[in-house]
Amino acid sequence: MRNVPVRTHWLLLTTLVLTLCSALLIQGYTQHMFGISDDAAVAGGGPADRVPTAVAGGGPVIDSAAVPARTARPRPHTIALTFDDGPDPTWTPRILDVLRRHHVHATFFVVGTQVAAHPELVRRILAEGHQIGIHTFTHADLGKIPDWQRGLELREAQLALAGATGRTSSLLRPPYSSGNDALDNQDWDAIRAAGQAGYLTVLSTQDSEDWQRPGTDRIVANATPRGNAGQILLMHDAGGDRSQTVAALDRLLPRLSARGFTVTTVGEAVGVPQAVKSAAPQDHWLGLGLIATLDGTAWALRILGWLLYAAGALAVLRAAAVVVAARRHVRKRRIAWGPSVTEPVSVIVPAYNESAGIEAAVHSLLASDHPVEIIVVDDGSTDGTADLVESLGLPSVRVIRQPNAGKPAALNTGIAAASHDLLVMVDGDTVFEPDAVRALVQPFADHRVGAVSGNAKVINRGGLLGRWQHIEYVVGFNLDRRLFDLAQCMPTVPGAVGAFRRGALLRVGGVGDATLAEDTDLTMALCRDGWRVVYQEDAVAWTEAPASLGALWRQRYRWCYGTLQAMWKHRGALLQSGAAGKLGRRGVIYLLLFQVLLPLLAPVVDIFAVYGLVFLDPVRILALWLGFLALQGAMGVYAFRLDGEHAGPLWSLPLQQFVYRQLMYLVVIQSVVTAVAGSRLRWQRMERYGSLSVPGAGTRPQPAPAQVPNPPAPHATGLADTWLREAHAATRQADVHHLRSGETSDLLEEPAGTPWTGQPDR
């Protein structure tokens, strides 16, 4: 495997996030900051004392760069036909068809974003002899935005035109403008700034008012001049349904011709030479880049929308699945597994530098109301863990020392040294309730059960981080385990509290070290071997959760990465039948959808929420976010009730959305990137804080465990592995012998009345 530095992953992720944010900002500005609305929506009417009298009473074409400002009017019997707000893929082609039938040319004042979206229409406009002017980039009211934004609106609109056609235009029509007499000081400031940038401002003298959609007859009447003076006629080819405009134009042009009017462009009507020129090469290439950027951001937003729907669907689907499963699981748990299991249990405690909590863990196990032997396997601790346990002088507690070889090796050593057929594995940072061991082993009354998952709870719940992990354990892990139990596809028996049938472990070769999630790997191997793995919620153990974000990150990163490794290792279960197929097509797919894909998609909800609050309807976005929160809250209340927990910590659930959830997203993202990159992640031990205490009033001594003749007592990993291989082979041979002879192995014997179908599915 390649060792790819983590910082490379973060650099990639940061780049992707910044790119996405930039794309959303561009889309938000171009599509939602302003937008096309009726011409009367932003009317002037402010002070007009700075507007020159010559302009207020002059012609509609204004050269504000001249000193003093100059204006011009169309010649008598001349109509400069203009269209605003396009191009539109529906209405612009129809208007062009009408103009072509009547052999008339017009001036189209185009919006930059529309040009970028439909460059082929702008090219058609020019190809058919019409004139182009700009109508800003996003249809912004130039009089009401700051100077820097005015410059941006004009420059970007010009670049879009240059990229689409290779041309530029010096004609500008400000959005929401009308006649000269309606100009106020803000409008004049915008016109003067445009003049300094080289633009001629084109207002109108006759408004068809087609933006009001008053009907075809009314549009024709509004567009027909009362006298013979030249006019600049305002119509629209975009911004809504323009069917009335198309119909009115088809009737208006013959009427104007009959009255002796010439209908033409603004440039020809006023005598403006070369209003449209070839763009500079750099502007053409910049314009192409702008159009490509807008296309890319549009696709990014479209994909983001699809992902948002997918994330929402997955969240709702998971909520429905776990709640329905939990309700059925509650009814199922009332059914007894069979006769009470009273045989002694070997409890294996792998320990590496666990001196902070090992004493509490061992005392809690000794306080069990079920007979136990306790095997503490010290995996080369350097903090005196083994010495501490030995100094306690507790009955039924053995300490095995071995050189540091990792948790799987320590567990295998414990398995080899165990005296009993039922094994409980517990982390050194976990304490058991007095009845936890007894509850944990009761499902073994059913000989099809190979492993049992207990109910791990967070003991250090102080502070927000502790509360959030408590919520996650109850609402996330435990609800999922109920569903997995019901679907017979349990993927993980947690290392903190789990029980195993010794024969089942031998059949799969013990605990493997191929992944960082040895508990998930082992559980999946048992499922693929045909064993049932169940959830016993009454077997409660208390575990110490990380108390800092850094420790939490390291723990969850290891969990997530190890789970990905286990899923990949056992991917063959997807194509198998029987119990293995249930694991593959139920458990693995569930993990893939809801513990990998959903966390990868979930940030989309947050990103889109921020985008919506800034650029869309904030009330609607807030309502959607509160809907997601209400769904999580309802699940939380139900899960807490099922677990017998007080719902008080759920008040912090809204806060969890802003820190904890994002951290979990990053964990999954980093784990997936690490897995895809083929990097090797080392096992990291979690910090211990010494917050463990023994539940109940105290400890009580247990009867000495029954001894087996010459029990193996390995002190090194090699001896444990050798013993496991030999026992594994012997178990296999015994199973084959019994099956061939028509008998069943005592490890696989079914309860009376239950049909046995043979060796568990592999």
Side-chain angles (χ1 to χ4, degrees), residues 6 10 349-361 364 379 381 383 385 406-407 425-432 453-478 480-481 492-498 515-520 540-565 595 599 602 636 639 643 645 649-650 652-653 655-671 674 681-693 695:
V6 172
W10 285 119
V349 187
Y352 174 73
N353 290 349
E354 298 284 2
S355 60
I358 193 68
E359 182 176 356
S364 74
D379 189 43
S381 297
D383 67 344
T385 297
K407 184 178 179 180
M425 297 182 186
V426 53
D427 288 340
D429 63 340
T430 304
V431 295
F432 272 40
S453 168
N455 185 346
K457 293 179 178 289
V458 174
I459 195 170
N460 51 331
R461 304 177 180 182
L464 282 176
L465 191 59
R467 289 189 182 93
W468 291 339
Q469 291 178 86
H470 171 45
I471 292 172
E472 183 182 27
Y473 270 66
V474 175
V475 181
F477 301 158
N478 288 348
D480 281 347
R481 287 192 184 106
T492 305
V493 172
V497 51
T515 74
L516 291 179
E518 75 289 332
D519 48 4
T520 300
V540 176
W542 300 88
T543 188
E544 200 173 48
S548 68
L549 288 177
L552 177 65
W553 170 272
R554 290 189 293 273
Q555 181 198 65
R556 298 310 172 84
Y557 186 21
R558 178 173 59 83
W559 285 5
C560 185
Y561 186 79
T563 299
L564 291 175
Q565 288 177 308
Q595 293 192 18
D643 257 33
E645 292 283 349
L650 290 175
S652 65
L653 191 59
L655 298 177
Q656 189 186 45
Q657 314 304 307
F658 298 104
V659 179
Y660 191 83
R661 202 165 58 135
Q662 279 68 25
L663 183 67
M664 295 302 103
Y665 299 160
L666 293 176
V667 165
V668 176
I669 291 170
Q670 176 70 9
S671 299
T674 304
L681 183 65
R682 296 177 57 86
W683 191 92
Q684 294 178 341
R685 177 185 173 274
M686 199 187 86
E687 297 176 31
R688 304 304 186 203
Y689 310 100
S691 59
L692 301 179
S693 59

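The chain is numbered in sequence order, starting from 1. Not measured: the values here are computed from a predicted model.
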query = For the side chain of W468 and the backbone of S652, is there at least one donor-acceptor N/O pair under 3.5 Å apart?
reply = yes
Next item on the list: Report yes or no: does N353 contribute a side-chain atom to a donor-acceptor pair with the main-chain N or O of S381 at less than 3.5 Å?
Entry: no
Here the gap from T385 atom OG1 to E359 atom CD, rounded to the nearest 0.5 Å, amounts to 11.5 Å
Side-chain heavy-atom pair M425, V493 within 4.5 angstrom cut-off: no
- Do D519 side-chain atoms and T492 backbone N/O form a donor-acceptor pair below 3.5 Å? no
- Task: Determine yes or no for a side-chain-to-main-chain donor-acceptor pair under 3.5 angstrom, with T543 supplying the side chain and T430 the backbone.
- Result: no
Does E645 offer a backbone N or O that forms a donor-acceptor pair with the side chain of D643 under 3.5 Å?
no
L549 and L663, any side-chain heavy atoms less than 4.5 Å apart: yes
Exercise. Give the C-alpha distance, both sets of side-chain angles, the deciding distance and a yes or no for side-chain contact (heavy atoms from CB on, under 4.5 Å) between Q469 and L465.
Key: CA-CA 6 Å; Q469 291 178 86; L465 191 59; 3.6 Å; yes
Rounding to 0.5 Å, atoms CD1 (I471) and CZ (F477) come to a distance of 12.5 Å
Sorted by chain and number, sequence neighbours left out, side chain to side chain donor-acceptor pair (under 3.5 Å) with Y473 holds for none
**Test item: R461 side-chain N/O and V458 main-chain N/O as donor-acceptor pair under 3.5 Å** = yes
Note: Y352 and D379 closest approach over all heavy atoms is CD1-O, 3.1 Å
Scanning both residues in full, the closest heavy-atom pair of G428 with A361 reads O-CB, 4.0 Å
With a 4.5 Å heavy-atom cut-off, do T515 and T520 have their side chains touching?
no
In short, K407 meets P350 closest at the heavy-atom pair CE-CG, 4.1 Å
Output for pair (N455 CG, N478 CG), nearest 0.5 Å, gives 4.5 Å
Contacts of D480 meeting salt bridge (Lys or Arg N to Asp or Glu O under 4.0 Å) (sequence neighbours excluded), chain-then-number -> R318
Taking every heavy atom of W559 against every heavy atom of A517, the minimum-distance pair comes out as O-CB, 4.4 Å
Across all chains, not counting sequence neighbours, the salt bridge (Lys or Arg N to Asp or Glu O under 4.0 Å) partners of E472 are R556
Q.
Using side-chain heavy atoms (C-beta onward) and a distance below 4.5 Å, is M664 in contact with L552?
A. yes
Can you check whether V540 reaches F432 side chain to side chain, under 4.5 Å on heavy atoms?
no
Heavy atoms of R481 and P494 approach each other most closely as NH2-CG, 3.5 Å
Can you find a pair of side-chain heavy atoms, one from T674 and one from Y557, that are under 4.5 Å apart?
yes
Inset, instruction - Look only at the side chain of Q565 and the backbone of L516, and say whether a donor-acceptor pair between them is shorter than 3.5 Å. - result: yes
